[in-house]
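Chain identifiers are assigned alphabetically (A, B, ...) following the order of the sequence lines, protein sequences preceding nucleic acid strands; residue numbering begins at 1 within each chain. Small disclaimer: the values here were computed from a predicted structure and weren't measured. Values below: every heavy atom of this structure, side chains too, minus hydrogens, waters and symmetry copies.
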Amino acid sequence: MSNYFHRVLLIYVKDIKDEFRTFDNLLSTIIFGVMLVFIFSFAFQLTDLAVDQAFSAVLWVSIFFSSVLAIQRSFAKERENNVMDALLLASGDRGIIFLAKFLCNLTVLLLFELVVVPLLWIFTGISALGHIQAGLFIGSLFLGSWGLAAIGTMLNGITIQLPSARLLFPILLFPLLIPLLIGVIQCTNTALLGVSEPLSGWVYFLISFNILFTVLPLVLFDFVLEG
Amino acid sequence: MSDQLDVIGVSKQIGPKRILTDVSFSSITGELLVITGPNGAGKTTLLRLIAGLSKKSSGQILWNGSCYGIDHGSLGYLSHKPMLYETLSVLDNMVFFAKMYDRFSMESIERLLERVGLWLYRYEPAAVLSRGMQQRLALARTLLFDPKLILYDEPFTGLDFNGQKLLREVLEEKRANSIQIVISHELSLLQGLPHEEMKLLRGRMVREGVSCE
Amino acid sequence: MVFFTLGYAVIWILILGYTALIRSQQSKLEKQIVILEERLREQERAAES
Amino acid sequence: MLEGWKKFNFWVLMLLVPINIYLIFLYAPVEKTMGIVQKVFYFHVASAWIGLLAFVVVFIASIAYLANRKVQMNHLALASAEIGTLFISCTLLTGPLWAYPIWNTWWTWDPRLTTTLVLWFMYVAYIALQGGGTAENRRRFAAVYGIVAFINVPLVFFSARWWRSIHPIVVSGEGIGLTPKMRFVMFFSIVTFSFLYTYLLGLRYKGISLAERINRLKAELSQ
């Protein structure tokens, strides 16, 4: 069993290293995110809409769209040179590959948010800094990225093997993310506006959703990478 | 210690196409089995089934009498595609796979890379290597551990003269404690190596168990 | 009344239209199968002689 | 067997559809506050139910396909998905036509509406994934997606409802007091639509199988 997670870790470390080696890819994803955040905040400013209220919506729409760019690359390395076969033989279990790729995508998304969230904060000039619940805010970012990375990794494992990958991926991804979107926006919004609503329910909902959509792909990944 | 591989009545169907029909053979440690046949006869598919990379439609593939999947654990696979991480350096490729196989030791990697003549290229990314060098690197990866079953899919393709000589040495050397299955149409390159021959035609076995010197 | 008529029209146009579409598609496919089978027979005959 | 069932199904439909229309137009009473528009509701709800049922069929057939790899299961799932899309489209189009005169809005983010729309998106994604191709991996992928998407449906519904329970709903979808007569017509519509579904399913299934057979024949010819 420790061997299992050891291999997950090995692939994860390799992928993260590779992510930094080809830093321009990560960078363009981040720039795309920054661009989205800028356009959104600016558009809201132009229409004089209350930015405080829109913050979490803008944030998550930006993350969802940028995540398509980030996640879409996760299997590209393996696809280029038929390395997937070698990796499969070496890991001996398709679940290992799923977990490693999922962790890598999660890390990339969190890194991405590290840049984008403060920028959005500045752009929108959000005023409610006083009663922000920092723990809940960071927790909601983490939970949202987790679900996004898990579902995204599984679907990317599918679309990378098809010719029309780039078009298909977001079409498959977004409908599955609706419950996540609802939950995560609730959490972020509450964290920001400090409304004293019974919120723990949404946190539990997100945790269960994420666990379900991490275990389910883990089981189904055998069929995805059957070759 | 002797192992046995049994392929019993294996068929593979993809959509309307029947790739393999009722293929059966057995092999034991020490044997070198060569599969020949024209393009599209299903040779690669057969090898991928044995490796567990692809799923058979019916039949059984047994290792010492029991089923196995991709988790075989002691299976080497050398394809005509080098299957290497192009952005990683020669050394990183070797280190990564050695760790994945739980056989990491810098000395043995150095020895292997020296043997395939790539030690001096160890910091080059795999992408810049020539086709023959990539294939030699793939060969070195296969030698990282001691597979009990080694599958070669057109391994001579892309190899230069020295590489071919090296591969023949490996084939001879690994005979002692592994089953080896080779797909090749360049039988002349196998001259001098005693082997069994099996021919596939349109997914069916048409000739088996011909011993050749 | 307008919305009522529209509502029913939408349902029936969609369902009947779809049925008509797949029926015509199917008859096309059936014709194609007849031709293909004939070609196959011809090929076999050519192979025999 | 299948042909016989299809004939039987066809004649049952020929019988049920006129009765159904008669029931809706003449038997069911006109709703007091909403007027005649309310009668769209019988087909609207029936097609929504069939849309959901079709997704259950996709789910089960997908599991069956992954378990035994029979192409027939994949054909069944694809046929069901297509017809499900048809019925969900009916629901989505008639919904606003009914809602506008009653609620004075084309669309609300009611949990049922939200779920129906997401269901429609997932159907479209499923069909796009199959892409009309016959490649084996597309079948496998579609089956995986069919399973994951189906499990997602209740999650969408409950999260949308939960969200709505925190934010009060402006216009409520509730409050349609059904009289026993109305309830009977509703039930009859659902039965009629179920027969319509099985009939169309059989038709489409055959169409897909024919296309598959053509592929097989072409493969044989080229050999």
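- The one candidate from F150(D), Y65(D), Y145(D) that meets the ring-ring contact (aromatic ring centres under 6.0 Å, His included) condition with F59(D) is F150(D).
- In terms of heavy-atom pairs under 4.5 Å with chain D, the best-connected choice from E37(C), Q25(C), E44(C) is E37(C).
- Each of I208(D), T94(D), T91(D) has some count of heavy-atom pairs under 4.5 Å with chain C, and the biggest count is that of T94(D).
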Applying side chain to side chain contact (heavy atoms under 4.5 Å, CB included), run through I24(D) and S189(D) and close with a yes or a no.
CA-CA 9 Å; I24(D) 291 171; S189(D) 293; 3.9 Å; yes
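- Below 30°, between 30° and 60°, or above 60°: for F184(D) and F188(D) the angle between ring planes is between 30° and 60°, a tilted geometry.
- Between F8(D) and the choices F10(D), W11(D), W5(D), the ring-ring contact (aromatic ring centres under 6.0 Å, His included) rule is met once, by W5(D).
- For a residue to count as touching a neighbouring chain, one of its non-hydrogen atoms must lie under 4.5 Å from one of that chain's; by this rule I22(C) touches chain D with the side chain only.
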